[in-house]
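Notes follow once the structure below has been shown.
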There are 2 protein chains.
Amino acid sequence: MLAVVPETVDAAAVAFPPCDLQSLCLAHASKHFGAEEEIYGEGEPAEWVFRVLSGSVRIFTVLDDGRRQIHAFHFPGDVFGLENGADYSQSAEAICDSQVEIGRRTVLDAASTQDCQTARELWLLTAEALRRAREHLVMLGRKTARERVAGFLVEMQRRSGQPNIIDLPMSRIDIADYLGLTIETVSRTLNEFQRTGLIDLPRYRHVRLCNSRLLDAMAA
Amino acid sequence: MLAVVPETVDAAAVAFPPCDLQSLCLAHASKHFGAEEEIYGEGEPAEWVFRVLSGSVRIFTVLDDGRRQIHAFHFPGDVFGLENGADYSQSAEAICDSQVEIGRRTVLDAASTQDCQTARELWLLTAEALRRAREHLVMLGRKTARERVAGFLVEMQRRSGQPNIIDLPMSRIDIADYLGLTIETVSRTLNEFQRTGLIDLPRYRHVRLCNSRLLDAMAA
DNA sequence: CGCGTGGTTGACACAGATCAACCAGAGTGG
DNA sequence: CCACTCTGGTTGATCTGTGTCAACCACGCG
C-alpha cells in the first residue's frame, strides 16, 4: 500500500543529490535501463510514475522532421512521468545506465483522492516542474548562446553536489537539444569559455568551473 | 467559505470561453484592472489567486536589461497566480480593461489540506499549465518564425470560440515577446501570410484565417 | 492641425546554423 | 602490438534567418 513517509535515497548510489525534495513513496519495484534505452514514449498510456535512483534520464519531444527539444534532465531523487491526461505527453529515455523506481499511477491516483497530503505532494512536484519550465522558456525565448551555456553549467553545478567540478552524463547533442542550439555552437561556446579562463575542460564530459561567480552573472 | 462546486462563467461577458475547464471556486470578490495595469509583480508575496472574468491578462518575466518573455495569455475562465512558493515567480498585467475574480491563497491552501478534491483541482490546473509551457518550449527552442506565428494563430483561434475571425487583444510587441521574436519579424510574417492568401488582416488587431488547415500544418 | 502610438517596410548586420573536414580515444580483430 | 573503424567532439568557411536601425504610414486624440 502506498503511504506518505519521509524517505531517504541511498546517498552512496547518488551522483547528483535529489533536487525535487519530496517524500512521495512510489513503490518498491525498480528497474534497470541501459544507455539510450526508452522508458516511455509520447502517446503511450501513462500507467506508471517513476523516480530516478541512479543514473540520469532525459524528457523530450520530437517533431515530425526529427527536430528534438529536451524538456528536462532528471537525476537521482527526481520524480518524472507524472501526467494528468491519459497518455504521456513526452518521451523519456535513460541517458546512461540507470536504476529507476516505478509506481502504478492508478495507485497514486487513488491515494491522492483519499489523502490530501499525497495530493499536495503531487501538486508540489508539478508546480516545481512548471517553475523550471518557465525559467527554461525565458532561456530559449530571450537569451543568447553564451547566456544559455553559462546558465546550463550553473544549473548543472547547482544540482550536482560537488562545488566546482561537474561530471556531465549527457552528450553535446543532448546539451544542444536542451538549449535550443546546435552541437557546433555548444562546442564553440564551451571552448571559448575555456580560452577566456571561465572553465576548464579536463577530460571527456567533465567541466571545472574556474569562475562560477562570473559564469552566474553571464547567465543573465 | 470556499467550496468546490460546479460553476459556470457568465457566457455573455466572455469573449474567449474558458480553456482551463475547472470548477474551483475562488471567492466572490472581483476587481477591475485598466489596460497595461499591473496585477502583481515578480517577487511580491503570493497572497492571492485570480481568475479572469472578462478581458485578458499576460504573465511574463523581465530580465535586468529589459528583455521580456511572455509565458502565457489568460482569457475569461482561466485561473492564474497559483504559486507553491512564498512569492510570485512572474509578473501579471491586464492587457486591456479586465475584470478579475480574486481569492485568498491562505483560504485555498487550507481548503486543499482538508478536501482532496480541491487539492486535485489545483494539481490539474498546474499540470495543464505545465503541458502548455512544454509546448511553448518546443516552439521557442526548435521552430522557425513562420512556424511560431502559424502556431500562435492556430492557438488563438482554438481558444476564441469563433470559427475563423480572431479578435486579438494584444499588440505586436506582446505577440513578439510571447513567440521569442521581434515586432518586425511578427509583422513581416503576418503580412507574408496575407500575401500568400493564408490569412486576411481586415483591420486593427483582427485576423481572418482563410486556410486554417494549411496554417495548422505550417505550425509543425 | 500637429502629435503620439502602433504597425509596416526597407537596408543592412550579425549570431548562430549549415556543411565539411578533421581529430582523439575506445573498441575490435588480426 | 598494431591497423582499422566508429563515435563523439572540435574547428573552419560560408550561408541565412532573424535582429537592428531607420524611415515612414495611418489612425485617433487633444
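Each chain gets a letter, A, B and so on, in the order its sequence line appears, and its residues count up from 1.
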Side chains of residues 133-146 of chain A: which donor-acceptor partners sit under 3.5 Å, not counting sequence neighbours?
residue	atom	partner	partner atom	Å
A/Glu135	OE2	A/Arg131	NH1	2.8
A/His136	ND1	A/His71	O	3.3
A/His136	NE2	A/Tyr178	O	2.8
A/Arg142	NE	B/Arg68	O	2.9
A/Arg142	NH1	B/Leu181	O	3.4
A/Arg142	NH2	B/Ala176	O	3.2
A/Arg142	NH2	B/Asp177	OD1	2.8
A/Arg142	NH2	B/Leu181	O	2.7
A/Lys143	NZ	A/Ala219	O	3.0
A/Lys143	NZ	A/Ala220	O	2.9
A/Thr144	OG1	A/Glu147	N	3.3
A/Thr144	OG1	A/Glu147	OE1	3.4
A/Arg146	NE	A/Glu192	OE2	2.6
A/Arg146	NH2	A/Glu192	OE1	3.4
A/Arg146	NH2	A/Glu192	OE2	3.3

Please list, pair by pair, any protein nitrogen or oxygen found under 3.5 Å from a nitrogen or oxygen in nucleotides 9-13 of chain C.
residue	atom	partner	partner atom	Å
C/dT9	OP2	B/Asn191	ND2	3.4
C/dG10	N7	B/Arg188	NH1	2.9
C/dG10	O6	B/Arg188	NH2	3.3
C/dA11	N6	B/Arg188	NH2	3.4

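- Between A/Thr182 and the phosphate of C/dA17, there is a side-chain N or O to OP1/OP2 separation shorter than 4.0 Å.
- B/Tyr204 has its OH atom 12 Å from the C1' atom of C/dG4, to the nearest Å.
- Of all heavy-atom pairs spanning B/Thr61 and B/Glu42, the tightest one is CG2-OE1, 3.9 Å.
- Going from atom CZ of B/Arg203 over to atom P of C/dT8 covers 15 Å, rounded to whole Å.
- Taking atom CG of residue B/Leu201 and atom P of nucleotide C/dT8, one finds them 7 Å apart after rounding to whole Å.
- Mapping B/Met170 and A/Lys143 onto DNA chain C by nearest heavy atom places B/Met170 closer to the 5' end of the strand.
- Atoms CD1 (A/Ile173) and C1' (D/dT7) sit 10 Å apart, rounded to a whole Å.
- Computed from coordinates, the A/Arg142 CZ to C/dG16 C1' distance equals 16 Å when rounded to whole Å.
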Can you build the contact string for nucleotides 25-30 of chain D? Use B for base contact, S for sugar-phosphate-only contact, and - for no protein heavy atom under 4.0 Å.
------

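- The minimum heavy-atom distance linking B/Gly34 with B/Ala94 is given by the pair O-CB, 3.5 Å.
- By the 4.0 Å N-to-carboxylate-O rule, A/Arg132 lies close enough to A/Glu128 to be salt-bridged with it.
- Summarising the geometry, the separation between CD on A/Glu192 and P on C/dG16 is reported as 10 Å, rounded to the nearest angstrom.
- Atom P of nucleotide C/dA15 and atom CG of A/Leu140 are separated by 19 Å, given to the nearest angstrom.
- The shortest heavy-atom contact between B/Ala150 and B/Met218 is CB-CB, 4.0 Å.
- Among all heavy-atom pairs drawn from A/Ala92 and A/Val57, the shortest one is CB-CG1, 4.3 Å.
- When the shell of 6.0 Å around CZ of B/Arg205 is examined, it contains more than 12 heavy atoms from other residues, nucleotides or ligands.
- Between A/Arg58 and A/Ile70, the shortest heavy-atom contact is CD-CD1, 3.9 Å.
- Distances were taken from every side-chain heavy atom of A/Arg205 (C-beta onward) to each of D/dT18, D/dG8, C/dA17; the shortest belongs to D/dG8.
- Going from atom CZ of A/Arg67 over to atom P of D/dG17 covers 13 Å, rounded to whole Å.
- Other residues, nucleotides and ligands contribute more than 12 heavy atoms inside 6.0 Å of the CD1 atom of B/Ile165.
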